[in-house]
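Values below: all heavy atoms of this structure, side chains included; hydrogens, waters and symmetry mates excluded.
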Amino acid sequence: MIRLNDILDKVVSYNPAANLDMIRKAYVYCAKVHQGQTRLSGEPYLVHPMEVAAILADLKLDVATVVTGLLHDTLEDTLTTYDELVQIFGAEVANLVDGVTKISKIYFKTKEESQAENFRKMLLAMANDIRVILVKLADRLHNMRTLQYQPETKQRSIAKETLDIYAPMAHRLGIASVKSELEDLSFRYLNTELYYDLASKVTKKKKERESYVEDVKEIIAQKLSEHGIKGEVSGRSKHLYSIYNKMQSRNVDIDEIYDLVAIRILVEDIRGCYEVLGIIHSTWKPIPGRFKDYIAIPKGNMYQSLHTTVIGPHGERMEVQIRTLEMHRVAEAGIAAHWQYKEGKGYDERDVKRFAWLRQLLEWQQELQDSQEFMNTVKVELFPEEVYVFTPNGDVKGFPKGATPIDFAYSVHTDVGHRCVGAKVNGKLVPLKYEMKTGDIIEIVTSPHHTPSKDWLKIVKSTRARNKIRAWIKTEERKRSVTLGREICEKEFRRYNLNLGKLQKSGEIKRVAVEFGFVGEEDLMAAVGYGKLSCNQILGKLLPEQKLEEHRERKETRLTKVIDKLTRKSSSAIQINGVEDVLVRFGKCCNPVPGDEIVGFITRGRGVTVHAADCPIALSNDPDRRIDIAWNRNKSTALPVKIRVSCYDQKGMLANITQAITNCEANIASASVHSTVDKRGENIFQVDVTDLDHLNRVISSIMKLKGVIKVDRLKS
């Protein structure tokens, strides 16, 4: 059993200035609150937090993390409260313990690799401080070391969870020693027979391997000495799970795995690494394609080293790793290395630069805060733009930050999304615009008669949900457009004694559709319904020009009156190519005036709505319902536009502004006047102008007034 003094000695070895009294206080408190509790092994429960703290000390972590190791089970397994921890040990330790407790309550259901990956992401997302994960890894490591006391079924489930979740996480964080041990322990319980068979075969070759390593070390040491290079040479056997993976991937037996030994050479600087590489390659023949330069291009988890495989003594393959002492420290401890202290003096300039590597920590990691802030707060928020939530069955789904239950519903199934009427979050009903938070349990409420709404496009965040909603809206609008187009054609054809049904049977409508470039009759009817094609254009393909002209002459007088009444003045300012007899409106969202670039949008029952080309509403509308339009330069129509005048609040200013507008022959339709606390005026005028030049003259005239600060055109 490890003793308190063992832990203290470990901490002092890398941080002589550490606050050991805090660790002693945590030990006394831990012993007190866990008194009388025992583990399945029969040992006092205190053994577990002591071992966890020792593992954290082996990783050379700071005092707060070691203290958290001692206290990590107090909130979950004793009567201790969060406030009590804050009072006795401070907010930093209390928050770390609380973080470990929350993560411990998560139930993992690992069916497949992608699911396990989501869990790993969620764990890191839930931990505001990465040290929470380090404590959890130490906790899991000791539990795996004592897994033999659990029932067999639980052994397998815990081992599977460890192999799926925690070992890869240790790898991502670059903690090689923890990763290797977790993998071997999981392997032992998941495939016991193979594990012991492999262990036996590796042990049989132990003496032979040790002798081989000593020979190689002696050769390398001599070569380094000849070149005046100081370095440490060591050899290690690859861990069992690594050997097992090689056997599986190569489909061979252990006797055919030759690189069971890795030779490691540690030198003082990077230049020395490349010099040693040259020595190794000149001594033994390198195997092509087996060289990796992780110094020039570090791995995402900060790992740096040169890797090469050569044909060593006796013709056996041998892997050689070359790195600096500092690289080795990071390779063994990974991200934990950034909480290590150098002789109690804190971080030096080289440490500060090394923090830039954290941006590559994971391939899905977001950019971290600057190095100084990182050192001060020791916090890493890995996923600021992602949230991870549970299904009622315990699966995890990832979404962009700000995603709603509608996004969740569409991730389950398209029909679930279409029929979504509400949602329960953690058992409570919430509105559909609720923004999901990491750890929420989401349950969707559906109705068979419900359909999506266009408003959903404003609140969904996921691409899948947005595409599915748009596809549904487009399909429904097409159905309505086909029906409307058919009704319009039937009504108009009757005026010319034509029958749409007979024309369809005879193939005439299909012929016309093809001439207009459509695939079939339905597309032709949809175009009429959308307003992109007029019925008169279709008639032009069905009837001789002479007959059409006679019909127009008979009805010209009556039609002109109707058109004038429908379109009023507004349509006179707009030319719409290929579309006739259409009511024209101007979008109040952007208030376009002649001179602005514009686009038309077909609105059923209300003709064409004219928008400015850069209007957000026009840009978000269905592209199939847009049409090209232009200003009619032969017609002049006064259109309303809003301007905002910022000025100093002084006597006579309002009168001067209105006079300036009037002098430009622009009518003021409405005005809103407001004075601010800093003696300024904010005035909104709606004026009628004939075109963009007219508007610019009005703005210029106002800007010439003394006391006017700024004049802006308002688009809405």
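Contact check for Val514 versus Arg511: no side-chain heavy atoms found under the 4.5 Å cut-off. The shortest distance between side-chain heavy atoms of Val708 and Val645 falls below 4.5 Å. Under the 4.5 Å side-chain criterion, counting only non-hydrogen atoms from C-beta, Ile629 is in contact with Ile598. Between Ile473 and Leu457, some side-chain heavy-atom pair lies under the 4.5 Å cut-off. Using a 4.5 Å heavy-atom threshold, the side chains of Met436 and Val425 count as separate. The shortest side-chain heavy-atom distance between Thr658 and Ile668 falls under the 4.5 Å cut-off. Using a 4.5 Å cut-off on side-chain heavy atoms (C-beta onward), Thr101 and Tyr82 make no contact. Here the side chains of Lys461 and Thr404 are not in contact, with every heavy-atom distance at 4.5 Å or above.
Ring orientation note: the planes of Phe399 and Phe408 are tilted relative to one another, at an angle of 30° to 60°. Aromatic ring orientation, Phe601 versus His611: perpendicular (interplanar angle above 60°, classes split at 30° and 60°).
Nearest heavy-atom pair, Pro405 versus Val430, reported as atom, atom and distance to 0.1 Å: CG-CG2, 4.4 Å. What you find for Pro640 and Asn591 is that their closest heavy atoms are O-CB, 3.8 Å. Counting all heavy atoms, side chain and backbone alike, Ala613 lies closest to Val599 at CA-CG1, 4.4 Å. The minimum heavy-atom distance between Leu639 and Pro594, with the atom names listed, is CD1-CD, 3.5 Å. Counting all heavy atoms, side chain and backbone alike, Gly520 lies closest to Ala513 at O-CB, 3.5 Å. Among all heavy-atom pairs drawn from Gly595 and Trp631, the shortest one is N-NE1, 3.5 Å.
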key: Intermediate values then yes/no, side-chain contact (heavy atoms from CB on, under 4.5 Å), Ile702 and Ile661   = CA-CA 7 Å; Ile702 298 171; Ile661 296 172; 3.8 Å; yes
task = Test Phe685 against Val698 for side-chain contact (heavy atoms from CB on, under 4.5 Å), laying out the working first.
result = CA-CA 11 Å; Phe685 296 94; Val698 171; over 6 Å; no
key: Thr446/Val416 under side-chain contact (heavy atoms from CB on, under 4.5 Å): CA gap, chis, key distance, verdict   = CA-CA 7 Å; Thr446 61; Val416 175; 4.1 Å; yes
request  = Evaluate the criterion side-chain contact (heavy atoms from CB on, under 4.5 Å) for residue pair Ile643 and Leu714; output intermediate values, then yes/no.
outcome  = CA-CA 5 Å; Ile643 57 173; Leu714 301 180; over 6 Å; no
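Judged by a 6.0 Å distance limit and a 45° cone about the ring axis, Lys397 is not positioned over the six-membered ring of Phe390.
A distance-only check finds a donor-acceptor pair linking the side chain of Asp691 to the backbone of Asp693 [under 3.5 Å]. Using modelled atom types, no side-chain atom of Asn683 and backbone atom of Val673 make a donor-acceptor pair closer than 3.5 Å. Looking at Asp596, its side chain never comes within 3.5 Å of a backbone N or O of Pro592 through a donor-acceptor pair. Thr414 contributes no side-chain N or O that, together with a main-chain N or O of Tyr410, makes up a donor-acceptor pair within less than 3.5 Å. Here the side chain of Arg466 pairs a donor or acceptor atom with the backbone of Val460 at under 3.5 angstrom. Between the Asn663 side chain and the Gln659 main chain, a donor and an acceptor come within less than 3.5 Å of each other. A donor-acceptor contact shorter than 3.5 Å is absent between the side chain of Ser701 and the backbone of Arg697. Of the possible donor and acceptor atoms, one in the side chain of Arg419 sits under 3.5 Å from a partner among the backbone N and O of His450.
Rounding to the nearest 0.5 Å gives a distance of 5.0 Å between SG of Cys420 and CH2 of Trp456. Note that NE2 of His418 and CD1 of Ile406 are 12.5 Å apart. Values are rounded to the nearest 0.5 Å. Once rounded to the nearest 0.5 Å, the distance linking CG of Asn696 with CZ of Arg713 reads 8.5 Å. Atom CG in Leu539 sits 7.5 Å away from atom SG in Cys489 (nearest 0.5 Å). Atom CG of Leu498 is separated from atom CZ of Arg494 by 11.5 Å, given to the nearest 0.5 angstrom. Remark: Glu487 CD to Leu484 CG distance equals 6.0 Å, nearest 0.5 Å.
A salt bridge links Arg644 to Asp712: one of the charged nitrogens lies within less than 4.0 Å of a carboxylate oxygen. Between Lys468 and Asp407 there is no salt bridge, since none of the side-chain N atoms of the basic residue sits less than 4.0 Å from a carboxylate O of the acidic one. Salt bridge Lys541/Glu515: present, at least one basic N to carboxylate O contact under 4.0 Å. Taking the charged nitrogens against the carboxylate oxygens, Glu522 and Arg478 do have a contact shorter than 4.0 Å, which makes a salt bridge.
The 12-atom threshold is exceeded at CZ of Phe516, counting heavy atoms of other residues, nucleotides or ligands nearer than 6.0 Å. The environment of Lys437 atom NZ is dense: over 12 non-hydrogen atoms of other residues, nucleotides or ligands sit within 6.0 angstrom.
Residues forming a side chain to side chain contact (heavy atoms under 4.5 Å, CB included) with Arg486 (at least two apart in sequence, or on another chain): Val482, Glu490, Leu500, Gln504, Met525.
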